[in-house]
Amino acid sequence: MKSGNAILSSYGTTIFEVMSRLSEEHGAINLGQGFPDERGPADVLDAAADALLNGWNQYPSMMGTPDLRQALAAHAQRFYGLDVDWKTETMVTSGATEALTACLLGLINPGDEVVLFQPMYDSYLPIVRLAGGVPRFVSLKAPDWSFSRADLEAAFSPRTKLVLINDPLNPAAKVFDRAELELIAEFVQRHDALAVCDEVYEHLVFDGRRHIPLMTLPGMRDRCLKIGSAGKTFSLTGWKVGYVTAAPHLLQPVAKAHQFLTFTTPPNLQAAVAYGLGKDAGYFTALAAGLQAKRDRLSAGLRSAGFDVLPGSGTYFVVADIAGVAAGVGFDGDDQAFCRWLVAEAKVAAIPVSAFFVENAPKTCVRFCFSKKDEVIDTAIDRLRKRFVTNQ
Ligand code: PMP
Ligand code: GLN
């Protein structure tokens with residue numbers, strides 16, 4: 001029998017799916033895959049329902065509905081002071097996943113080098129490889145997931161086509177600061193490269209910090225493709241509405257990929273997201289404040305169960321070092337083994353951070369998702385404390 005595509009066949013099922021299925025099997029609390037467990041904003045849901053029942057349900061324009069594209073431009077101006085021409089600089093995709101795929105397929109020629117920061121989201125590398133790109137890795141170092149000028153010197157070359165940056169960073173919860181972004185911008189410009197910026201967690205930033213799009217740095221407006229996701233901004237991860245904002249000469253090749261990937265995205269959801277992006281500042285600050293409180297609740301609970309929680313200021317996640325708790329119960333496997341053991345033994349699912357690396361992976365870091373109801377977080381913590389502290 002002839003076999004499937006060699007690159008894709010080399011990958012197993014994604015760790016998110018694997019851990020969610022194991023979680024169900026064991027009746028565990030799923031703090032693995034990143035999704036909120038509440039209904040999402042009622043007015044945004046109403047807007048979708050209304051558009052579904054009373055609006056247009058045929059193919060929208062492949063670039064997205066004018067309403068949503070205008071809302072994207074207004075959002076870029078309101079939050080980042082970016083002047084965006086909605087007609088030539090915005091495109092709606094079926095999730096950020098599609099936006100990423102369209103950017104990589106649309107921009108990479110075989111042999112082009114692509115700089116990737118590890119830990120990295122699981123879809124990046126397979127698509128870079130499918131496009132014929134040559135990955136060059138920068139490994140961020142725990143606990144603060146830092147990198148140096150020398151790391152960038154080693155990864156960038158005259159063949160660098162683009163760098164892919166995820167800020168705020170899943171799974172590490174790192175929010176890049178201006179100095180770090182400036183360093184990346186310097187290398188991108190020096191090598192006449194591009195930056196694909198996965199900013200799906202742009203509104204999930206805590207501790208009074210603000211998200212800084214790389215696109216807003218001097219010299220970067222026409223080199224960056226900024227990707228967002230309604231799934232994260234409206235706590236509706238199943239919706240799969242994403243968007244790309246970029247200068248026309250960058251967006252055009254990406255649209256060529258998009259037209260053959262999905263072509264378009266459900267119009268009713270686009271209508272609701274257009275409405276949502278226009279919500280007042282209170283919505284966005286409450287979203288971040290609510291998640292910050294959940295981060296603090298889960299972090300305190302994990303510490304009380306003996307986990308060493310790493311600092312983080314964004315996303316849905318905290319990373320904990322398991323070395324101490326594992327030693328305490330005589331467990332000596334790596335993070336992957338620990339997560340499989342934990343879901344069965346403590347009935348709490350988490351994600352091993354090494355799944356986000358291809359080399360130099362830390363072996364004792366585990367990601368927990370805190371975008372859950374308080375009582376769910378509390379029950380998970382009770383289970384962990386029972387297993388690691390009172391050892392019942
Ligand atoms: N990038 C990152 C870093 C993510 O965590 C996610 C979450 N699923 C995505 C992209 C994909 O977003 P979407 O669900 O909109 O495809
Ligand atoms: N972004 C989500 C996470 O990191 C998962 C999305 C998925 O399951 N592909 O948990």
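Ligands are counted one by one from 1 in listed order, and the atoms in each one are counted from 1 as well. Quick caveat: nothing in here was measured; it's all calculated off a predicted structure.
Using a 4.0 angstrom heavy-atom cutoff, Y121 counts as in contact with ligand 2. Using 4.0 Å as the threshold, Y201 has a heavy atom nearer than that to some atom of ligand 1.
Put simply, the side chain of F370 does not reach to within 4.5 Å of the side chain of L31, judged on heavy atoms.
The backbone N or O of S354 lies less than 3.5 Å from no partner atom in the side chain of K363, so there is not a single donor-acceptor pair. Remark: side-chain polar atoms of S94 are paired, donor with acceptor, to backbone N or O of T264 under 3.5 angstrom.
For a threshold of 3.5 Å applied to N or O pairs, the pair formed by G34 and ligand 2 contains at least one separation below that value. The N/O atoms of N170, backbone and side chain alike, include one that comes under 3.5 Å of an N/O atom in ligand 1. Considering backbone and side-chain N/O of R367, one or more are found under 3.5 Å from N/O of ligand 2.
At a heavy-atom distance under 4.0 Å, only side-chain atoms of N166, from C-beta outward, approach ligand 1. For K232, every heavy-atom contact with ligand 1 shorter than 4.0 Å involves the side chain, none the backbone.
Clustering of Ile, Leu, Val, Met, Phe, Trp and Tyr side chains at separations under 4.5 Å places V175 together with V205.
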Kindly list each side-chain donor-acceptor pair under 3.5 angstrom involving residues 337-346, sequence neighbours excluded, with atom names and distances?
from: E345; atom 1: OE1; to: R387; atom 2: NE; distance (Å): 2.9
from: E345; atom 1: OE1; to: R387; atom 2: NH2; distance (Å): 3.1

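Below 4.0 Å from some heavy atom of K240 lie the following atoms of ligand 1, by number and element: 13 (P), 14 (O), 16 (O).
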